[in-house]
Amino acid sequence: MHIMEGYLPATHAIGWSVASLPFVAWGVKKLADRLRDDPEARLLLGASGGFTFVLSALKLPSVTGSCSHPTGIGFGSVLFGPWIMSVVGCVVLLFQALLLAHGGLTTLGANTFSMAIAGSFSAWAIWRAGWAVGLPLNLTLFLAASLSDLLTYCITSLQLALAFPDPVGGISGAVVKFLGVFAVTQVPLAISEGLLTVLVMNLLRSH
Amino acid sequence: MPWASGGAGGRRDGTMLRAIDACAHTNRWHRHAGPVALFCAGLMACVLAAPPLVAGPLVWAVASVAAVVGARVPARLFFGSMLVPLGFLVTSALALCVTVGFEDGGLVFGLSAAGAMTALRAGLRAAGALAVTLCFACTVPTAGWMALLRRARVPEALLDLVMLVYRTLFVLDEARLGLMRALDNRMGFANARLALRSTARAAAALFLRSLQRAARLERGLAARGYVDRLPVLPPQAAASRGGWVLAVAVPVLVGAAAFVLAGALGA
Amino acid sequence: MTLQRQQDAGQDGMAMDPPGPTLLEAIGLRYAWPGAPAAAALAPGQRAEALANTSLAVRRGVRLALLGGNGAGKSTLLLHFNGTLRPASGEVRWLGRPVDYSRRGLAALRQQVALVFQDPDDQLFAGTLAQDVSFGPLNLRLDIVETTRRVEAALAAVGLEGRGALPLHMLSHGQRKRAAIAGALALRPAVLVLDEPTAGLDPEGIDTLLDHLDALHARGMTVVFSTHDLTLARHWADEVAVLHEGRVLAHGAAAAVLDDAAVLAAAGLRSRRWRRKAAQGD
Amino acid sequence: MTLQRQQDAGQDGMAMDPPGPTLLEAIGLRYAWPGAPAAAALAPGQRAEALANTSLAVRRGVRLALLGGNGAGKSTLLLHFNGTLRPASGEVRWLGRPVDYSRRGLAALRQQVALVFQDPDDQLFAGTLAQDVSFGPLNLRLDIVETTRRVEAALAAVGLEGRGALPLHMLSHGQRKRAAIAGALALRPAVLVLDEPTAGLDPEGIDTLLDHLDALHARGMTVVFSTHDLTLARHWADEVAVLHEGRVLAHGAAAAVLDDAAVLAAAGLRSRRWRRKAAQGD
C-alpha cells in the first residue's frame with residue numbers, strides 16, 4: 001500500500017527517509033560487496049528488480065487497485081537476503097513513482113520503510129522461523145507472504161496516524177481508523193497474495 | 001509497436017508505464033535534466049514548506065503549466081496520470097473527516113470539522129506535490145536523472161542496479177502482456193479461482209523468464225567484453241543558462257507569493 | 001456441442017469449396033496503442049494508429065494469409081479477431097453479429113476463434129505437454145474423459161501423439177510451436193488464427209507444420225495467419241490480404257494479389273535487393 | 001591500436017580479393033551441451049553432441065554463411081568462435097594461434113571477434129541507445145572523446161544516427177537488431193559474427209540491414225553469419241558452409257555449394273513442399 005506523493009507533511013517525509021536511510025545504506029554496502037565477489041549477481045539482481053516491478057502489475061482477482069509487490073520482495077529476500085532486497089525494493093518504488101505515478105518521491109522514504117524494509121525483513125524472518133520450527137512448506141510460504149503484506153499495511157496505517165492524529169482519539173484512534181478503512185482492500189489482498197505465493201512456488205518446484 | 005501494452009491484467013499500469021517514459025524522452029526539455037530537476041526540487045520545497053491552502057493550488061498550477069505549456073507534455077497524459085492517486089486521496093481524506101475515540105471501553109465515531117480541514121490541507125499539498133513529480137517524470141528521462149545521481153556520488157553498485165532494473169522491466173512487461181493474453185485466450189480468467197491460478201502461472205513464468213534473461217544477458221554482454229563493470233557515457237545535455245536562471249527564479253517567486261498570499265488571506 | 005459444430009464446419013468446408021459464408025469480419029477498425037505518444041511526440045517513421053480503417057472478411061474453410069511488413073498492423077488485427085483488443089471505432093462480427101465484449105461473450109468467441117501466438121513461450125510454460133494442452137478444456141469445465149479425448153486428438157493433429165508426458169522444456173522449437181497449436185485445437189475452434197506460424201522454423205520444420213495444418217484444413221478448419229514470407233503465401237494460402245500501415249491494400253485470391261507487383265512494393269514486401277540481383281541474371 | 005588493426009584489416013580486405021589469409025579456424029571441435037542426457041536416455045531424433053568433429057576456416061574479408069536447420073549446431077559453433085564456449089576436444093585458432101581462455105586472452109579475442117546474438121535483448125542493457133553502444137569502448141578503458149567518436153561511427157554504420165538518446169524499448173525489433181550490431185562495432189572488431197541476423201525481419205528490414213553490412217564489408221570487415229535462408233546465402237554470401245548434426249557437410253564458394261542439391265537435401269534445407277509445388281508448375 002503506497003502513500004501518495006505529498007500526502008505526508010515535510011517533517012514526516014524527512015523523518016521516514018532518515019529512518020530508511022541506514023537500512024538502504026547498509027543494503028547498498030552489502031550489494032557492493034556481493035557484486036565484487038560475484039559479478040554475475042549484478043544481472044540477476046537487475047532482472048529480479050524488473051520481475052518485482054512487473055509482478056505488481058499483475059492484477060489479483062477481485063481486488064481493485066491492488067499492488068502485489070511484497071510478494072516479489074518476499075521472494076527476493078529469501079533468495080538474496082533482506083538487506084539487498086530492501087535496496088531492490090527501494091529502486092522498484094522509485095520506478096513506480098516515476099513511471100506509474102504510484103507512490104511518490106517525498107513519500108519514497110515512508111513507502112520504502114513499510115514495503116521494502118519491513119516487507120523483506122518480515123518475509124525473511126517468517127520464512128526462517130517456519131523452516132526452523134518445521135512448519136509445512138506451503139504454510140510457511142503462505143504466512144511469509146500474507147503476514148508481511150499485513151505488516152506493511154499496519155505500518156502504513158501507523159505512518160498515516162502519526163502524521164494525522166485523530167482530534168479525539170489521538171494517534172491510537174487514528175491507527176484504528178486507518179486500519180479499518182484500508183482493511184477493506186488490504187486484508188483480502190494479503191490472503192490472495194499468500195495463496196498466490198504458494199501456487200507460484202509449487203509451480204516452480206514442479207518445473 | 002514498442003509501446004504496445006494494455007490488455008488483460010493491468011491495462012492501466014501497462015499503458016502509463018510506456019506513456020510517461022516515452023514522453024520523458026521526447027518532450028522539449030529532455031536534454032535539460034539538471035535545470036528541470038532543480039526547478040522541480042524548488043517547487044517541491046515550496047509545496048511542503050509553505051501553507052498548503054495557497055501553496056498547493058499555486059504549485060499545482062505552476063508545475064502543470066510548466067509541463068504542458070513549457071515542455072509540451074500532452075495534457076491528456078499529464079492530467080490523466082493524476083486520476084489513479086486520487087483514489088488514495090479520496091479514501092484517506094474520508095478517514096480524516098471521521099474521528100475515532102475510546103470512551104467507556106468502546107469505540108466512538110464522529111464527524112470532525114478540524115479533521116475536514118486537515119484533509120483539505122493534506123489533499124491540496126498532495127495535489128501540488130503530485131503535479132511536481134509528474135512534471136519531473138514526464139520531462140526528465142531515466143538516463144538524465146541517473147547522470148545527476150552519478151554526479152552526486154551515489155554508489156556505482158546502486159546505479160548499475162537502477163539501470164538494469166529499468167531495462168529489464170520493459171522487457172519483462174512485454175512478456176507479462178504476452179503471457180496474460182495467452183492465458184486469457186484459453187479462458188484462464190473465467191472465474192476467480194481460475195484467475196488466481198492463471199495469475200500464479202504468469203508470475204511463475206515471469207520469474208523463470210527473469211532468471212533466463214539474466215543468464216542470457218550475462219552471455220550476451222560477455223561477448224561485448226563484460227567482466228564486472230557496466231560503464232556507460234552520460235547522456236548529452238544541452239547548455240541552458242536561461243534554464244538554470246528560471247529553475248531558481250520561478251520556485252523562489254512561487255514560494256514568496258505563497259507566503260505573502262497566505263498571510264494576506266490569513267490562511 | 002462444440003465438437004458437433006466443429007464437425008459441421010468440417011462437412012461444410014468439404015462440401016463447398018470457397019467461397020463459403022463469412023465467418024468473421026472486421027469492419028472499419030481503428031485502433032491506437034494505448035499510451036502511444038501524441039502525434040507531435042512521435043519519432044520519425046512511427047505511427048500513432050496501429051489500425052486505420054481496416055476491413056477484412058474471413059470466409060469459412062479458407063486459408064487466408066495476412067501479408068505485411070513489421071509494424072503493418074497484422075498482429076493487432078489478429079488480436080481483434082478473438083476480442084483480445086477492442087477497436088476504438090468500427091466493429092468485429094462473428095457470424096454476422098457484432099462481438100459481445102462481456103466476459104461470457106468473449107469466452108464464447110474464443111472457443112470459436114483460437115489464437116496462436118508467434119512466441120510459443122507465451123503460451124507454454126510449466127509441466128508436461130499434455131497438462132498444457134488440457135488447460136483450455138479444463139477451464140471450460142469439461143470432464144476428465146472429454147478433456148483426455150480432446151488432448152489426445154489435439155496432440156495427434158500436430159504430430160505429437162505419444163509425447164504428452166514430456167516436459168515442455170524438452171521439446172524443440174518446432175515442436176513447441178506445434179504444441180501451442182495443440183493447446184488452441186483442444187478448444188475445438190472453427191477458426192485457427194496463427195501469428196507468424198513459420199517464424200524461426202527451418203524448411204523441414206515448416207514442411208512438418210504445414211502438413212498438419214493441411215490435414216486440419218482438409219477437415220474443414222478455417223485458417224488465418226500472418227506472415228511476411230511471400231513464398232509461403234503463394235504456395236499455401238487460398239486468399240491473401242496485404243496490410244500496410246494499418247490498412248488493407250489488397251485482398252483476393254492468392255495468385256492474383258501476389259502477382260500485383262505494385263501492391264507488394266507499396267507494402268515493402270519485395271526486397272529491392274533480390275530483385276536487383278535477379279535482374280543481373282544471378 | 002585496435003583502430004590501427006581494424007584499418008589494416010580494411011586495407012588487406014580491399015587489396016586482396018578472397019582468398020585472404022585465414023583469420024579464424026575451428027579444428028575438429030567436439031562439444032556436448034552440459035546436462036545433455038546420456039545417449040541411452042535420448043528422445044528419438046535427439047543428439048548428445050552439439051558439435052561432432054567440426055572444422056571450419058574463416059578467411060579475411062570473406063562473407064561466410066553458415067547454413068543449417070534448427071539444431072544443426074550453428075549457434076554452438078559461433079559461440080566457440082569468440083571463446084564463449086570451450087570445446088571438449090579440438091581447438092579454435094585466431095591468426096593461427098590456439099585461443100587463450102584466460103580472462104585476458106578472452107578479452108583480446110572478443111575485441112577482434114564480435115558476436116551478435118539472434119535476440120538483441122540478450123545484449124542490450126543500458127538506459128539509452130548511445131549509452132549502450134558506449135559500453136564496449138568504455139569497458140576497454142578508452143577515454144570519453146574516443147568513445148564518443150566510436151559511438152557516433154557505430155550508430156552511423158547501422159543507420160541509427162540521431163537516435164542515440166532514445167531508450168532501447170522505444171526502438172522497433174529491426175532497429176534493436178541493428179543497435180546490437182552497433183554495440184559490437186564499437187569494439188572495432190576484425191570479424192563480425194552474426195547469429196541469424198535476418199530472423200524476424202521483413203524484406204525491407206533485411207534490405208536495410210544488408211545495406212549496412214555491405215558498407216562494412218566494403219571497408220574490409222569479415223562477416224560470418226548463420227541462417228537457414230537459402231536466398232540470403234545465395235545472394236549475399238561469398239562462401240557457404242552447410243552444417244548438419246554438428247558436422248560440416250560442405251564448404252566452398254556460395255554458388256557451388258548451393259547448387260549441390262544432395263547436400264541441401266541431406267541437411268534438411270530444401271522444402272519438399274515448395275519443390276513439389278514448383279514441379280507442378282506453380
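Throughout, protein chains are lettered first and strands after them, A, B, ... in sequence-line order, and every chain is numbered starting at 1.
Among residues at least two apart or in separate chains, there is no side-chain hydrogen bond (donor to acceptor under 3.5 Å, both in side chains) pair with a member in residues 41-51 of chain B.
The contact between A:Leu94 and chain B is made entirely by side chain atoms (from C-beta outward), counting heavy-atom distances below 4.5 Å. Looking at A:Phe178, the atoms closer than 4.5 Å to chain B (heavy atoms on both sides) all sit in the side chain, from C-beta outward. Heavy-atom distances place both the backbone and the side chain of B:Val162 under 4.5 Å from chain A. Neither the backbone nor the side chain of A:Ile84 comes within less than 4.5 Å of any heavy atom in chain B. Both the backbone and the side chain of A:Val88 come within contact range of chain B, with heavy atoms under 4.5 Å apart. Heavy-atom distances place both the backbone and the side chain of A:Phe51 under 4.5 Å from chain B. For a residue to count as touching a neighbouring chain, one of its non-hydrogen atoms must lie under 4.5 Å from one of that chain's; by this rule A:Ser172 touches chain B with backbone and side chain alike.
Of all the heavy atoms in B:Leu48 and A:Leu8, the pair that sits closest is CD2-O, 4.1 Å. Nearest heavy atoms, A:Arg42 versus B:Tyr226: NH1-OH, 3.1 Å.
Side chains of B:Leu221 and A:Leu43 form a contact here, defined as non-hydrogen atoms less than 4.5 Å apart. Using a 4.5 Å heavy-atom threshold, the side chains of A:Pro9 and B:Arg125 count as touching. Looking at A:Phe95 and B:Asp21, their side chains never come closer than 4.5 Å, going by heavy atoms from C-beta outward. No side-chain heavy atom of A:Val168 sits less than 4.5 Å from a side-chain heavy atom of B:Val100.
Highest contact tally toward chain A, considering only B:Ser92, B:Ala49, B:Ser112, is held by B:Ser92 [criterion: heavy-atom pairs under 4.5 Å]. Between chain A and the residues B:Ala122, B:Gly110, B:Gly123, B:Ala119, the most heavy-atom pairs under 4.5 angstrom are made by B:Ala122.
Between the CZ atom of B:Phe207 and the CG atom of A:Leu55 there is a distance of 10.5 Å, given to the nearest 0.5 Å. Note: A:Gln96 CD to B:Leu17 CG = 10.5 Å, rounded to the nearest 0.5 Å.
Interface residues of residues 24-40 of chain A toward chain B, defined by a heavy-atom distance below 4.5 Å and sorted by number: A:Val28, A:Leu31, A:Ala32, A:Leu35, A:Pro39, A:Glu40.
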